[in-house]
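A quick note: this is a predicted structure, and the numbers were derived from the prediction, not measured.
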Amino acid sequence: MCNLHGELLEAYDSYRTELLEAGLLLSSGVEGVYGLSGTFEGIIEAFERYVTRSGAELAPEVMRFPPILNRKTYLSTDHIETMPDLMGSIHTFKGTQMEHLDMINKKEQGEDWTNNLAPADVMMVPAACYPLYPTARDTILPEEGRLVDLRAFVFRHEPSPDPARMQIFRQREYVRLGTPEQARAHRDYWLNKGQEMLKAIGLPVTAELANDPFFGRGGRVMAATQKEQELKFELVVPVATDKKLTAISSSNCHLDHFGKEFNIRTADGNHAHTACIGFGLERIALALLKTHGLDPEQWPAEVKQVLEI
Amino acid sequence: MNIEKVREILSTHGRLTTPVDSLQDDSDLYQAGLTSLATVGLMLALEDEFDVEFPDSALSRKTFGSIESIAETVEELLE
């Protein structure tokens with residue numbers, strides 16, 4: 001176990017060093033937070049266009065939200081109950097002139113000045129689909145349900161030496177709101193389609209039954225429940241190492257969790273079910289760079305052709 | 001004896017939609033409204049009451065599926 005841990009750290013460090021030296025990632029001094037080069041961003045843009053082409057026949061509604069969301073919306077999801085250790089709460093200074101001086105004084109003394117802050121009305125977005133649900137609150141869906149194309153930066157506080165585990169990264173998603181059958185069919189369709197799409201660009205993905213990283217010992221019970229119900233599948237591939245595979249996409253059924261919380265109903269009056277496919281954009285770029293080399297110009301012709309680069 | 005204590009803890013921490021009194025020892029607690037989050041509270045309360053710690057192997061949906069199954073697991077941990 002210790003050996004494997006050591007091996008993993010070495011592999012993370014080695015791939016990250018390669019990426020930094022090639023100028024593809026730019027260090028911020030904080031683990032898991034990077035700037036990206038034009039080449040890196042170009043890969044993400046090309047992959048996004050590929051996702052758009054792949055979903056075009058389904059004519060999704062397109063929505064884009066910022067990486068922060070209403071604190072009340074955040075509290076309506078069960079993120080604080082299930083993954084409190086990953087959240088990002090935004091605080092700011094709302095004090096008086098005296099309190100300002102006190103804070104500056106603490107800063108200058110190297111003391112903890114953050115006690116002088118108060119929460120703002122917003123939280124970091126933990127998953128790209130969260131900002132969508134309040135826009136559908138108290139609505140009845142059309143018979144055919146709804147399909148929404150989303151992309152957002154999401155925040156997860158899990159600093160790591162693994163370049164594929166960023167604290168802030170983009171998810172591109174197709175979210176379905178509809179009947180239980182429509183939601184399940186969406187998940188199953190994209191689980192297959194996602195594998196085809198990623199294999200077509202030379203990423204040897206496999207599908208794995210998965211669970212979210214629920215907090216604490218109690219989280220193990222939640223994880224077991226999620227697995228028993230086969231709600232989450234991940235498409236995994238070697239990125240920094242083949243000793244531990246990295247999820248680059250996931251397909252999830254949320255059952256009527258969001259339908260109930262936001263009172264979204266189907267035409268028959270029942271709470272809507274939701275499901276999504278998410279592509280982890282930075283991870284997909286990292287997997288491509290690992291698999292085909294750090295210079296996209298030199299990638300295999302068929303990969304460039306599919307990605308139109 | 002444990003069964004009675006388990007019922008008592010379940011009624012305080014289980015947040016069930018069906019009253020515990022109306023449940024059989026082998027009734028499905030998930031059917032009775034036990035959520036995964038309530039399971040966490042239930043587990044911590046059981047650990048506190050019986051002074052035991054559920055090992056990872058017992059942290060499954062099955063363990064908390066019925067009053068009987070909870071009591072059996074606690075019994076094993078007390079041995």
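A donor-acceptor pair under 3.5 Å links the side-chain atoms of A/Arg156 to the main chain of A/Pro126, judged by distance alone.
Side-chain N/O atoms of A/His79 and A/Tyr74 include a donor and acceptor closer than 3.5 Å. Under the 3.5 Å distance criterion, with hydrogens and angles disregarded, no donor-acceptor pair is assigned to the side chains of A/Asp162 and A/Ser160.
Both the backbone and the side chain of A/Glu81 come within contact range of chain B, with heavy atoms under 4.5 Å apart. For a residue to count as touching a neighbouring chain, one of its non-hydrogen atoms must lie under 4.5 Å from one of that chain's; by this rule B/Phe64 touches chain A with the side chain only. Heavy atoms of B/Glu47 lying under 4.5 Å from chain A belong exclusively to its side chain.
Residue B/Arg7 places its CZ atom among more than 12 non-hydrogen atoms of other residues, nucleotides or ligands, all under 6.0 Å distant.
Top candidate by heavy-atom pairs under 4.5 Å with chain B, chosen from A/Gly219, A/Gly216, A/Gly218, is A/Gly218.
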